[in-house]
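First up is the structure itself, then whatever we jot down about it.
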Amino acid sequence: MVDLIALLVKFVGVGFLLIATIGLLRFDDPLQRMHAATKAGTLGAGLVLIGTMLSKSSLDSTMMGGMTLLFLILTIPVASHLLARAAYLSGAELAGIGDADNALRDVLKRPEQPIEKQAERLDLQGMAAEADIATEVPVSADPVLCDAEKSGFVSLKDVVAPERVRFAAVGDAAPKLARRAAEFAARTELPLIAVVAVDTGYVDATDNSTETMRLIRDKVGHWLPDLRSLSDDLGVSVELVYEEGDAAASMAGVGDVREFLVLPTDGWADHGVGVATPHATKQPDGLLRVASMHPGPTLYAVDVPRAGPVTVLFDGSYDVWRALDLALVERLWTATELRVFGYVDAASRAEIEQRAADANTPVVFADPELTAPEDALLPEQMVSDAVAVILPDLPRPLRTRWYGTFWQDKISPNWRGDVLVWT
Amino acid sequence: MNTESILGISETLNTVLVLLIIGAFALTALRLMKGPSYADRFVAIDMLTGLAVAACALTALTTGRSEFLDVAFALALIAFVATAAFAAFLERKVAVNDGRFRDNGKQKADKAVQQEAS
């Protein structure tokens with residue numbers, strides 16, 4: 001009799017499992033599939049386990065089966081909750097979600113596109129130099145740029161020019177950055193803000209955090225008179241901001257004021273005091289993250305401005321237009337030549353030529369056959385002697401050093417210079 | 001039908017059940033391959049472990065070795081950690097991507113334009 005019941009239970013269990021897999025195949029979106037897989041699946045597996053325990057009818061197998069069953073019942077809700085949350089957050093296409101009646105709309109942020117699509121789109125932008133792909137999926141399909149095309153590339157400067165200049169006043173490069181930021185502020189008549197952002201994560205990680213903090217303050221204190229005289233020379237008003245905590249967040253500032261941010265290319269990891277952290281596993285500064293944390297442009301500046309060619313990685317996006325416009329109109333560099341790399345359609349090409357002519361800068365478009373090497377954003381001949389590059393996006397991952405490789409090596413190996421990005 | 005005969009055929013029937021589960025494995029693998037989203041694949045993997053637990057239990061019966069129940073327990077343990085890790089991976093991927101895409105820049109620009117207008 002027990003055997004008969006055991007057999008029946010096992011059959012029902014396997015039946016549930018089969019139904020669950022059919023559901024997994026036939027339902028429309030991840031959440032519905034999960035509904036089939038986790039509910040019917042657990043029930044099926046549980047019933048099979050119970051059937052096995054009945055058939056075996058020995059103490060040890062009952063113990064083991066019972067424990068498995070208990071564990072399944074305890075963990076499956078947690079696991080499927082996590083998975084469902086991740087599915088929602090990843091922007092997977094869900095039936096009925098994404099409309100106005102989505103109850104989670106204001107609770108959890110969700111990208112408009114599934115992350116797989118986002119990855120594809122990036123690939124497309126990277127490959128856009130190959131013309132045949134570009135004709136299939138024109139890069140200017142970007143909704144923002146389409147608007148710009150309609151209105152004849154209105155000068156973006158009028159709409160989104162920065163309102164303030166903000167620079168990192170910590171680290172070894174601070175005095176030189178101050179000069180560059182102040183010169184820019186003087187030329188554009190914008191107010192200047194010096195940010196002393198002390199990363200408490202770094203300070204706490206050092207052996208003697210009180211001493212480190214004192215060193216950092218001393219260093220800033222010694223340098224401040226120089227900043228005063230610099231601002232007096234150039235006739236710029238300087239506001240000093242001192243903040244402790246998440247240095248990257250302090251650098252980016254708060255609010256929606258568009259600021260022109262000047263940051264050192266190598267970050268402010270040790271705040272210029274040279275105290276090593278014994279157990280630091282990552283750069284504490286979050287340097288490259290800052291660019292996307294505020295609504296304005298970000299210039300990663302090397303010490304001294306040089307004259308030379310400026311290279312643009314053009315992908316037709318709004319960001320790169322804005323950055324390009326800023327660079328040309330404000331003459332961030334003494335550009336002897338503007339080099340454009342990437343697929344440029346005829347309209348954009350004419351527009352770039354026009355704007356470069358307005359700024360008295362000769363412009364060169366890269367050979368469409370030219371492609372960037374595997375591990376770099378730009379081919380070497382485009383950047384070898386360039387003083388600056390304008391990028392639509394920073395190279396990934398957002399680490400200053402990634403396995404010992406300095407982040408600018410991902411733009412082009414061994415290239416060092418200014419990077420302007422507006423994301 | 002007496003108890004003896006049921007005992008006799010239950011061996012065979014267990015094998016049939018294992019075969020059915022193999023069919024279910026195949027269907028799940030199909031979903032795993034088709035995707036289309038990462039979430040779909042992770043759900044399929046979650047389902048696979050459930051199936052594996054059931055298959056282990058049945059194998060314990062067909063082979064008569066109760067060690068397979070221990071295997072089922074270990075699988076259930078690992079499946080939970082795996083699913084949690086996959087979910088964390090997916091969320092982190094989103095966090096990493098955040099701020100990278102044009103949509104974000106567009107929002108900021110829209111905001112800027114609105115401010116300018118007001």
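Each chain gets a letter, A, B and so on, in the order its sequence line appears, and its residues count up from 1. The model shown is predicted, which means the values in this text are computed figures rather than measured ones.
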Can you tell me which portion of [X] sits under 4.5 Å from chain B's heavy atoms? Options are side chain, backbone, both or neither.
{"X": "A:F16", "answer": "neither"}
{"X": "A:L72", "answer": "side chain"}
{"X": "A:S58", "answer": "neither"}

All heavy atoms of A:L49 vs all of A:G65, minimum pair found to be CD1-O, 4.3 Å
The interface call for B:L77 against chain A, heavy-atom contacts under 4.5 Å, is both
Side chain, backbone, both or neither: which part of B:D70 has an atom under 4.5 Å from a heavy atom of chain A?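 For B:D70, backbone and side chain are both near chain A.
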Heavy-atom pairs under 4.5 Å with chain A: which of [options] has the most?
{"options": "B:R41, B:R31, B:M47", "value": "B:R31"}
{"options": "B:G64, B:A76, B:C56", "value": "B:A76"}
{"options": "B:V81, B:L75, B:L58, B:V16", "value": "B:L58"}
{"options": "B:F42, B:F73, B:F25", "value": "B:F73"}

Under 4.5 Å, counting heavy-atom pairs only, tell me which of [options] racks up the most with chain B.
{"options": "A:L17, A:V48, A:T38, A:T52", "result": "A:T52"}
{"options": "A:V2, A:L47, A:L25, A:L74", "result": "A:L25"}
{"options": "A:M67, A:K10, A:M53", "result": "A:K10"}

Does some side-chain heavy atom of B:F68 sit less than 4.5 Å from a side-chain heavy atom of B:T63?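 SC-SC contact between B:T63 and B:F68 confirmed.
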Taken in chain and number order and not counting sequence neighbours, the residues that satisfy salt bridge (Lys or Arg N to Asp or Glu O under 4.0 Å) with A:R33 are B:D40
Checklist entry - Regarding B:N14 and B:T62, is there a side-chain donor-to-acceptor distance under 3.5 Å anywhere? => result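 Per modelled atom types, B:N14 and B:T62 side chains form no pair under 3.5 Å.
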Quiz question: by atom type and distance under 3.5 Å, do the side chains of B:T12 and B:T15 form a donor-acceptor pair?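 No.
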Is it the case that more than 12 heavy atoms not belonging to B:F80 sit under 6.0 Å from its CZ atom?
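Check passes, neighbour count above 12.
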Only one of A:L313, A:T298, A:L261 passes side chain to side chain contact (heavy atoms under 4.5 Å, CB included) with A:V421, and that residue is A:T298
Should the pair B:F89 and B:Y38 be assigned to parallel (<30°), tilted (30 to 60°) or perpendicular (>60°) ring geometry?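 The arrangement is perpendicular - the two ring planes meet at more than 60°.
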